[in-house]
*Asks:* 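Attaching a single structure in structure tokens format; questions to follow.
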2 protein chains.
Amino acid sequence: MEFKRAADGEKGFEKVFAFLRERLLTGSLRPGDRLISERELATLLGVSRPIVREALRALTVLGIVEIRDRIGTVVTRPDVSVLNDFFTFALAQQADMLEDVMQARVAIECQAIRLACERANIADFERLQRALTKIGETIDEADAGGMADFDFHRAIVVASHSETLSVLHASMAGLLTHSHRSRRELVQAFPSMKTYLVDDHRRIFEALIARDPERADATLRKHFAIGDEYRRRAVVGDIDKTSASG
Amino acid sequence: MEFKRAADGEKGFEKVFAFLRERLLTGSLRPGDRLISERELATLLGVSRPIVREALRALTVLGIVEIRDRIGTVVTRPDVSVLNDFFTFALAQQADMLEDVMQARVAIECQAIRLACERANIADFERLQRALTKIGETIDEADAGGMADFDFHRAIVVASHSETLSVLHASMAGLLTHSHRSRRELVQAFPSMKTYLVDDHRRIFEALIARDPERADATLRKHFAIGDEYRRRAVVGDIDKTSASG
DNA sequence: GTCTGATCGTGGTCAGACCAGTATGCTTAC
DNA sequence: GTAAGCATACTGGTCTGACCACGATCAGAC
């Protein structure tokens, strides 16, 4: 073990990472398990501790593992934050990606609502109902209104009972949060938007209750399309006349 | 710099990571840029080199940065592999996630085909045409057939000209590759599947050419549904009688 | 039995060193 | 003057051995 020459062919980091990867993928290491200490791992694989730490840190940012100070390293259940990080970086370097991410969000939600039509239970309906009520109540507030809107859409995804869809949606929603908010500020400029917001969400809710996937999907899609339309009109300055009151 | 006590409040790793994160998010560091050397970074932030390496390694697994041996560390364009890694690990620990990931894939593809109806160009159509031809040619081969199938579906996503959808699709497709292959082996057991495969893909292609998003979406969805049905029948052992030849 | 404290193990970090190549510039040969 | 060759100063990749601060554990005091 005194040779840095990895007879295994892999460099230090790769060796450790591959070692742990294999244990994790084959199920030898499951969530909740505690890894052997960094020192043991180092001597076991014939590498130095800093290298082991690199590998553990890599697994940490992937959300696979959690390094607990003075306790040890434990395997965790895969977490969303990774995707969040990734998309945050990715988006930062490609600002034009925003519209693109929105497309992905639409994709996720439309699929989610289809699944939700099959799988939603009473609790899901209640959650949606509450969100719907909230949307009506907060129609005049940009902040609370945006949050209510967000909650409703999230409730749809939750109702799909799909972990993957939830994860993906959560990671995109985070990115779209601010755009969501600024969009909400348009409501004041478009009084007609108020009825659109309330009615549209209600229609989506009804389709969901009716457990009609096609209608739910179509309604949701239309909802997004109308939102886009409002945004377009805002860009070109086509404000509702009736709102000139200010 | 002799104090490990970080006056900045953050621990070593966090300090370096936050430092780089900020540069990356604000655009001070853009893809292609070369970071300063590990040593410089270490003295600059008052930490040791191993810590710097941890941070760089973290960014590497996130696909934000690439460490080139004896050259330096350069900022890269965000890459899919991160998501791939994540889903690989996530799936390994929650096997029941497979069906779930499939749902996400359906979501992505259906949205992609809608966009593709608007955005696809000649090159996209040609790619799809080639894939379609290949599917017909390789109908009797499990391996090549599966690949042709995969290429066709990927071509749909590519035709959407959406980076985000492509990224997501790529990361899921990787996971579903083997299931795709095993599914392909069913073809031999289900002769009726051959016509299904060819015809279905052709119908999808035609809807795309017609630039009819609704029809394309619906056809693609049906395609997936039929695939599921075949799988279900395989599970319960309901094999086509006509294939008893073996 | 309970409380207290020493010890051991853990992650967190550092400093300094060596290796192996790359890149560059300077020297040397033509 | 130009071109080949070599020395040097980088770069990442790694190791060693050490220290710190704190959690856990168990022995000993009460």
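The structure presented is a predicted model; accordingly, all values stated were derived computationally and were not measured. Side chains included, hydrogens not; waters and symmetry mates left out as well; all remaining heavy atoms used. Quick note on labels: first sequence line is chain A, next is B, and so on, each numbered from 1.
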*Asks:* Spell out yes or no: do the side chain of A:R34 and the base of C:dT10 have one donor N/O and one acceptor N/O closer than 3.5 Å?
*Replies:*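 It does not, because no donor-acceptor pair links the side chain of A:R34 to the base of C:dT10 below 3.5 Å.
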*Asks:* Whether A:R154 and A:D151 form a salt bridge (side-chain N of Lys/Arg under 4.0 Å from carboxylate O of Asp/Glu) is what I want to check.
*Replies:*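 Yes.
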*Asks:* Can you check the A:K15 NZ to D:dT14 P distance for me, whole Å?
*Replies:*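 Whole-Å distance recorded here is 10 Å.
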*Asks:* Can we say B:R221 and B:D217 salt-bridge, meaning some charged N sits less than 4.0 Å from an Asp/Glu carboxylate O?
*Replies:*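 Looking at B:R221 and B:D217, the cut-off is met.
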*Asks:* Would you kindly compare A:G72 and A:P50 by the position of their nearest DNA chain C nucleotide and give the one closer to the 5′ end?
*Replies:*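 Mapping each residue to its closest nucleotide by heavy atoms, the 5'-most match is A:G72.
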*Asks:* When we call it a touch if two heavy atoms are under 4.0 Å apart, what does B:E40 touch: a base, just sugar-phosphate, or nothing?
*Replies:*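 Result for B:E40 = sugar-phosphate.
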*Asks:* For A:R39 and B:L56, take the nucleotide of DNA chain D holding the closest heavy atom to each; which residue's nucleotide lies nearer the 5' end?
*Replies:*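 By nearest-heavy-atom nucleotide position, the 5'-most residue is B:L56.
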*Asks:* Could you please name the option among C:dT13, C:dT10, C:dG21 that lies closest to any side-chain atom of A:R57?
*Replies:*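 That would be C:dT13.
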*Asks:* Measuring from the side chain of A:T73 (C-beta onward, heavy atoms only), which nucleotide among D:dT14, D:dG12, C:dG11 has the closest atom?
*Replies:*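 Looking only at heavy atoms from C-beta outward on A:T73, the closest nucleotide is C:dG11.
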*Asks:* What is the distance, rounded to the nearest whole Å, between atom CD1 of A:I71 and atom P of C:dG9?
*Replies:*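 For the pair A:I71 CD1 and C:dG9 P, the rounded distance is 16 Å.
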*Asks:* Given atom CG of B:L45 and atom C1' of C:dA15, what is their separation to the nearest angstrom?
*Replies:*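 From B:L45 CG to C:dA15 C1': 17 Å.
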*Asks:* Could you tell me whether the side chain of B:I139 reaches within less than 4.5 Å of the side chain of B:L197, counting heavy atoms only?
*Replies:*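 The answer is yes; the side chains approach within 4.5 Å.
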*Asks:* Have a look at A:R68 and say if it touches a base, only the backbone sugar-phosphate, or nothing, with a 4.0 Å heavy-atom cut-off.
*Replies:*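 Answer is sugar-phosphate: A:R68 comes under 4.0 Å of backbone atoms only.
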*Asks:* For B:L35, run the side-chain contact (heavy atoms from CB on, under 4.5 Å) check against B:L56, B:I67, B:V52 and tell me which one passes.
*Replies:*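 Answer to the side-chain contact (heavy atoms from CB on, under 4.5 Å) test with B:L35 among B:L56, B:I67, B:V52: B:L56.
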*Asks:* Can you tell me how far P of C:dG21 sits from CZ of B:R70, to the nearest Å?
*Replies:*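 So the CZ-P distance, B:R70 to C:dG21, works out to 5 Å.
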*Asks:* Ignoring hydrogens and angles, are the base of C:dT10 and the side chain of A:R49 linked by a donor-acceptor pair under 3.5 Å?
*Replies:*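 Check fails, no donor-acceptor contact within cut-off.
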*Asks:* Measure from CZ on B:F13 to P on C:dC14 and round the result to the nearest Å.
*Replies:*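 For the pair B:F13 CZ and C:dC14 P, the rounded distance is 13 Å.
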*Asks:* Are A:S37 and C:dG9 close enough that a side-chain N or O sits under 4.0 Å from OP1 or OP2?
*Replies:*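 It does not, given that no N or O in the side chain of A:S37 lies less than 4.0 Å from OP1 or OP2 of C:dG9.
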*Asks:* Please say whether more than 12 non-hydrogen atoms of neighbouring residues, nucleotides or ligands are located less than 6.0 Å from CZ in A:R119.
*Replies:*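 Atom CZ in A:R119 is packed in, count exceeds 12.
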*Asks:* Of the listed nucleotides (C:dG11, C:dT13, C:dG21), which one gets closest to any side-chain atom of B:I51?
*Replies:*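 The answer is C:dT13, which lies nearest to the side chain.
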*Asks:* Grab the CD-P distance between B:E38 and D:dC10 for me, whole Å please.
*Replies:*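 For the pair B:E38 CD and D:dC10 P, the rounded distance is 16 Å.
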*Asks:* Side chain of A:S48, heavy atoms from C-beta onward: which of D:dT11, C:dC14, D:dT16 has the nearest atom to it?
*Replies:*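 Of D:dT11, C:dC14, D:dT16, D:dT16 is nearest to the side chain of A:S48.
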